[in-house]
Amino acid sequence: MKTDSFLDISISAQQLSIVENGQTLKSYPVSTAKNGAGELMGSECTPTGWHKIRAKIGANQPLNAVFIGRRATGEIYSADFGKQHPQRDWILTRILWLGGLEPGKNRYGNVDTTWRYIYIHGCPDELMNGGPESHGCIRMKNADVLELFNRIEAGVKVCIHE
């Protein structure tokens, strides 16, 4: 992606768009927080404002690879496997770890997006029903997060808004 590119995440539209030179190149459905927008640690809200992709995690892992603590477990998610572990908040396929860029809003202290562990990540595709259902992260279908991961570099800016 070019330096004048960014990711635009609309909470109201439940959509992530790749924007370059003011033009939308591609859009994907997402699921943001069921608690809505907000920056406070422990709120389980999706933080707003400008962020960047601080780390890309999971390159070369298979589709539906399971992550815990940003590490691949070696497990591969399936609907049957999901039924065996109904308590898990699934992080699958790839992780794009966000870092806030606005001190006092989404960076530093009790509003720091990085230390809230807010990601763009894959989730079980059956959980992608068009509504906000996450615990703060931005969930995507696995094929979509894989495609996005392969299109962007770490450091790309991300604007999250209502």
Side-chain angles (χ1 to χ4, degrees), residues 1 5-20 24-38 43-48 50-100 106 112-161:
M1 283 181 61
S5 302
F6 68 96
L7 302 180
D8 179 85
I9 298 173
S10 170
I11 292 171
S12 61
Q14 294 293 289
Q15 181 172 283
L16 180 153
S17 299
I18 300 171
V19 179
E20 188 175 290
T24 298
L25 300 182
K26 178 106 188 208
S27 294
Y28 304 93
V30 298
S31 179
T32 59
K34 61 185 161 199
N35 288 350
S43 67
E44 294 195 353
C45 293
T46 297
T48 59
W50 282 98
H51 298 79
K52 70 176 179 179
I53 303 295
R54 72 178 304 273
K56 291 174 59 176
I57 300 168
N60 303 317
Q61 290 295 320
L63 199 66
N64 294 311
V66 176
F67 290 84
I68 296 177
R70 294 162 309 285
R71 303 264 189 283
T73 64
E75 301 163 318
I76 303 297
Y77 179 85
S78 68
D80 287 340
F81 187 67
K83 289 175 188 163
Q84 295 170 30
H85 303 279
Q87 76 289 355
R88 286 198 192 176
D89 180 22
W90 298 102
I91 298 174
L92 306 177
T93 303
R94 298 290 184 276
I95 297 170
L96 297 167
W97 192 358
L98 297 178
N106 57 30
D112 195 281
T113 297
T114 297
W115 301 117
R116 288 183 59 205
Y117 302 100
I118 301 295
Y119 316 134
I120 299 168
H121 66 82
C123 74
D125 288 347
E126 63 268 20
L127 295 183
M128 291 295 298
N129 61 13
E133 297 290 332
S134 84
H135 299 282
C137 289
I138 295 93
R139 294 178 178 172
M140 296 182 74
K141 291 180 180 177
N142 290 286
D144 290 350
V145 78
L146 178 61
E147 180 180 302
L148 179 65
F149 186 95
N150 290 335
R151 280 184 84 152
I152 67 166
E153 300 300 324
V156 167
K157 289 189 178 177
V158 180
C159 179
I160 304 174
H161 57 89

I'd like to know whether His161 forms a side-chain contact (heavy atoms from CB on, under 4.5 Å) with Ser10, so could you lay out the CA-CA distance, the side-chain angles of the two residues, the decisive distance to 0.1 Å, and finally the verdict.
CA-CA 5 Å; His161 57 89; Ser10 170; 3.7 Å; yes
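- Between the side chain of Asn106 and the backbone N or O of Gly99 there is no donor-acceptor pair closer than 3.5 Å.
- The cationic group of Lys141 does not satisfy the cation-pi geometry with Tyr28, failing either the under 6.0 Å distance to the six-membered ring centre or the 45° limit from the ring axis.
- Atom CD of Gln15 sits about 13.5 Å away from atom OG of Ser31, to the nearest 0.5 Å.
- Closest heavy-atom contact between Trp97 and Ile118: CD1-O, 3.5 Å.
- Gly38 and Arg116 get closest at one heavy-atom pair: O-NH1, 3.2 Å.
- Across all non-hydrogen atoms, the minimal contact from Gly130 to Gln14 is O-CG, 3.7 Å.
- Between the Lys56 side chain and the Phe149 main chain, a donor and an acceptor come within less than 3.5 Å of each other.
- Taking every heavy atom of both residues into account, Ser27 and Thr24 meet most closely at OG-CG2, 3.4 Å.
- Residues Gln61 and Arg94 are in side-chain contact: their nearest non-hydrogen atoms beyond the backbone lie under 4.5 Å apart.
- Of all heavy-atom pairs spanning Pro132 and Ala33, the tightest one is CB-O, 3.3 Å.
- Separation of atoms NZ (Lys52) and NZ (Lys157) is listed at 9.5 Å; rounding is to 0.5 Å.
- Listed here is the closest heavy atom pair of Pro29 and Asp144: CD-OD2, 3.8 Å.
- Proximity of Thr93 to Met140: side-chain heavy atoms (C-beta onward) are nowhere separated by under 4.5 Å.
- Proximity of Arg151 to Lys26: side-chain heavy atoms (C-beta onward) are separated by under 4.5 Å at one or more points.
- Between the side chains of His51 and Thr113, at least one donor-acceptor pair of N or O atoms lies under 3.5 Å.
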Walk me through it: do Ile11 and Thr48 pass the test side-chain contact (heavy atoms from CB on, under 4.5 Å)?
CA-CA 9 Å; Ile11 292 171; Thr48 59; 4.1 Å; yes
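- Checking side-chain atoms of Thr32 against main-chain N and O of Thr46 turns up no donor-acceptor pair under 3.5 Å.
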Assess the residue pair Leu148 and Leu7 against the criterion (side-chain contact (heavy atoms from CB on, under 4.5 Å)); give the C-alpha distance rounded to whole Å, side-chain angles, the decisive distance to 0.1 Å, and a yes or no.
CA-CA 10 Å; Leu148 179 65; Leu7 302 180; 4.0 Å; yes
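- You'll find the side chain of Cys123 reaches within 4.5 Å of the side chain of Met128, heavy atoms only.
- Side chain of Arg54 to backbone of Leu98: no donor-acceptor contact under 3.5 angstrom is found.
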Please list, one pair per line, the donor and acceptor atoms closer than 3.5 Å that link side chains of residues 64-77 to other protein atoms, with sequence neighbours excluded.
residue	atom	partner	partner atom	Å
Asn64	OD1	Asn142	ND2	3.0
Arg70	NH1	Tyr119	OH	2.9
Thr73	OG1	Val66	O	3.3
Thr73	OG1	Glu75	N	3.1
Thr73	OG1	Glu75	OE1	2.8
Glu75	OE1	Arg88	NH1	2.9
Glu75	OE2	Arg88	NH2	3.2
Tyr77	OH	Glu126	OE2	2.6

List the steps, then state whether side chain to side chain donor-acceptor pair (under 3.5 Å) holds for Asn35 with His135.
CA-CA 7 Å; Asn35 288 350; His135 299 282; over 6 Å; no
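- Distance check, rounded to the nearest 0.5 Å: CZ of Phe6 to CD1 of Ile18 gives 11.5 Å.
- In this structure the side chain of Val19 never reaches within 4.5 angstrom of the side chain of Leu25, judged on heavy atoms.
- With salt bridges taken as basic N to acidic carboxylate O contacts below 4.0 Å, one links Arg139 and Asp89.
- Tested against Val30, the residues Ile120, Ile138, Val145 include a single side chain to side chain contact (heavy atoms under 4.5 Å, CB included) partner, Ile138.
- Atom CG of residue Leu63 and atom CG of residue Asp125 lie 7.5 Å apart, to the nearest 0.5 angstrom.
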